[in-house]
Each structure stands twice: as C-alpha cells, then as structure tokens.
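Here's the structure we're looking at; comments come further down.
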Amino acid sequence: MTRCVLVVDDEPDIRAVARLSLERVGGLRVIEASSGMEALDIVAASQPDAVLLDVMMPRVDGPTTYALLQADPRTRDIPVLLLTARADATQRERWLAEGVRGVLAKPFDPMELPRLVSESLGWGP
C-alpha cells in the first residue's frame with residue numbers, strides 16, 4: 001500500500017516541487033492544501049499517513065494548524081512534520097516537545113526530501 005502525505009504550503013511552487021519529489025523520488029502519494037484551514041478539512045476527510053506542514057502561512061500558520069489537528073480526536077494521531085525557512089534550535093526543540101515528528105529546512109533538496117520525511121517518520125527504506 002502506498003503511503004499518502006498531505007503537503008501544506010501557501011506557495012504553489014513549493015507544493016509542486018514537494019509533490020514531484022515525494023511522488024517520483026519517494027514513491028509516495030501526495031495531496032495538497034494551500035492553507036491551514038484547507039488542511040484541516042482534508043486531513044479529517046482523507047486521513048493521510050502524514051502531513052508536511054509549512055510554518056509560515058497567512059491567517060492560520062503551521063503551529064496553529066498543528067495545535068488544531070492535535071485537538072481533534074479524528075486527526076491527533078496523524079504525524080506532522082514542519083517545514084520552515086526560519087527556526088532556531090529553541091523553536092525546533094519546543095515543536096518536537098509538543099509532538100511534531102520532525103522539523104525540515106526550506107529550501108530543501110528535492111532528491112533528499114523523501115528520505116528526510118521517511119527517516120523522520122520511521123518509515124524505513
């Protein structure tokens with residue numbers, strides 16, 4: 001069974017590169033959301049295997065979206081990875097302590113993204 005990852009980013013180019021990377025290099029199925037609110041609806045309906053969530057988005061940012069996912073019994077067990085261009089070690093540690101499964105840096109290497117996602121989630125080769 002092919003695993004499914006929801007990629008959430010307000011930048012269409014980032015979503016497109018992540019989709020190509022995860023699908024073609026990683027062999028994963030990808031669905032997309034352009035906002036935190038859209039992601040909440042998609043996660044509840046689709047139950048993806050994981051969420052790759054941008055930190056900085058307008059209106060509802062990644063950490064807020066993560067908190068809302070955690071508050072919903074239907075979505076709290078779906079692992080979330082944060083994707084960020086800016087995060088210091090203190091922020092990363094705080095997010096990991098709150099239950100985020102990993103914090104990945106932007107920009108990312110499309111050839112490495114599937115490996116980083118799989119390693120962070122413990123999915124193995």
Side-chain angles (χ1 to χ4, degrees):
M1 182 171 94
T2 303
R3 295 183 194 261
C4 178
V5 176
L6 171 62
V7 174
V8 186
D9 199 299
D10 59 311
E11 294 291 331
D13 292 344
I14 299 293
R15 289 194 315 271
V17 171
R19 172 188 280 278
L20 287 171
S21 170
L22 294 171
E23 287 180 343
R24 295 196 180 162
V25 178
L28 301 168
R29 189 167 68 85
V30 175
I31 50 181
E32 298 178 26
S34 61
S35 70
M37 294 309 293
E38 183 182 10
L40 295 172
D41 292 337
I42 290 172
V43 171
S46 301
Q47 295 290 304
D49 295 298
V51 177
L52 183 57
L53 180 61
D54 184 28
V55 168
M56 295 185 63
M57 294 185 290
R59 287 174 281 237
V60 181
D61 66 7
T64 301
T65 302
Y66 175 70
L68 292 168
L69 289 168
Q70 290 297 291
D72 186 335
R74 298 171 300 164
T75 60
R76 76 170 46 122
D77 293 328
I78 297 171
V80 174
L81 302 172
L82 293 178
L83 188 60
T84 183
R86 286 186 240 146
D88 61 29
T90 303
Q91 283 178 313
R92 288 175 190 270
E93 291 303 318
R94 187 182 81 237
W95 291 329
L96 293 169
E98 291 171 359
V100 168
R101 294 288 293 275
V103 180
L104 307 179
K106 275 169 73 170
F108 54 83
D109 178 343
M111 298 306 290
E112 291 294 314
L113 182 62
R115 180 186 61 77
L116 295 172
V117 167
S118 292
E119 285 179 0
S120 295
L121 296 171
W123 286 354

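Quick caveat, the model's predicted, so the values are computed rather than measured.
Of the possible polar contacts, one joining the Tyr66 side chain to the Glu98 backbone as a donor-acceptor pair under 3.5 Å is found. Looking at Arg101, its side chain does come within 3.5 Å of a backbone N or O of Leu121 through a donor-acceptor pair. When atom types are taken as modelled, the side chain of Glu32 and the backbone of Ala16 share no donor-acceptor pair closer than 3.5 angstrom. Judged by distance alone, with hydrogens and angles left aside, the side-chain atoms of Glu93 form no donor-acceptor pair with the main-chain N or O of Thr90 at under 3.5 Å. Using a distance-only test at 3.5 Å, with no hydrogens or angles considered, no donor-acceptor pair links the side chain of Thr64 to the main chain of Val60.
To the nearest 0.5 angstrom, Glu119 atom CD is 11.5 Å from Leu81 atom CG. The CG atom of Leu104 lies 12.0 Å from the CG atom of Asp109; values are rounded to the nearest 0.5 Å.
Cluster membership check: Leu83 does not share its hydrophobic cluster with Met57, using side-chain heavy-atom separations under 4.5 Å among Ile, Leu, Val, Met, Phe, Trp and Tyr. Under a hydrophobic clustering in which Ile, Leu, Val, Met, Phe, Trp and Tyr are joined whenever their side-chain heavy atoms come within less than 4.5 Å, directly or via other members, Val17 and Ile31 fall into different clusters. Taken together through direct or relayed side-chain contacts under 4.5 Å among Ile, Leu, Val, Met, Phe, Trp and Tyr, Val55 and Leu69 form part of one hydrophobic cluster. Phe108 and Val80 end up in different hydrophobic clusters when Ile, Leu, Val, Met, Phe, Trp and Tyr side chains are linked at under 4.5 Å. In the hydrophobic cluster analysis, where Ile, Leu, Val, Met, Phe, Trp and Tyr join through side-chain heavy atoms closer than 4.5 angstrom, Ile42 is grouped apart from Leu22.
Around the CZ atom of Arg29, the shell of radius 6.0 Å holds no more than 12 heavy atoms that belong to other residues, nucleotides or ligands. Atom CZ of Arg24 is surrounded by 12 or fewer heavy atoms from other residues, nucleotides or ligands within 6.0 Å.
A heavy-atom distance below 4.5 Å is not found between the side chains of Gln70 and Thr75. The shortest distance between side-chain heavy atoms of Thr84 and Val103 falls below 4.5 Å. In this structure, Pro110 and Leu20 have side chains that are not in contact, with every pair of non-hydrogen atoms separated by 4.5 Å or more. With a 4.5 Å cut-off on side-chain heavy atoms, Ile78 and Leu6 do not count as touching. Taking 4.5 Å as the limit, some side-chain heavy atom of Val43 sits within range of a side-chain heavy atom of Pro48. No side-chain heavy atom of Asp54 sits less than 4.5 Å from a side-chain heavy atom of Val8. With contacts defined as side-chain heavy-atom distances shorter than 4.5 Å, the pair Ser21/Pro114 qualifies. Contact annotation: the side chain of Asp10 never approaches that of Ser35 to less than 4.5 Å [non-hydrogen atoms, C-beta and beyond].
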From CA spacing to verdict: side-chain contact (heavy atoms from CB on, under 4.5 Å), Leu52, Val30: CA-CA 10 Å; Leu52 183 57; Val30 175; over 6 Å; no

side-chain contact (heavy atoms from CB on, under 4.5 Å) between Met56 and Arg86, intermediate numbers included: CA-CA 9 Å; Met56 295 185 63; Arg86 286 186 240 146; 3.7 Å; yes

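Ala33 and Arg15 get closest at one heavy-atom pair: O-CD, 3.3 Å. Here the closest heavy-atom approach between residue Asp9 and residue Lys106 is recorded as OD2-NZ, 2.9 Å. The two residues Val7 and Ala18 have their closest heavy-atom pair at CG1-CB, 3.9 Å. Residue Ala71 comes nearest to Pro73 through the heavy atom pair O-CD, 3.6 Å, listed as atom of the first residue, atom of the second, then distance.
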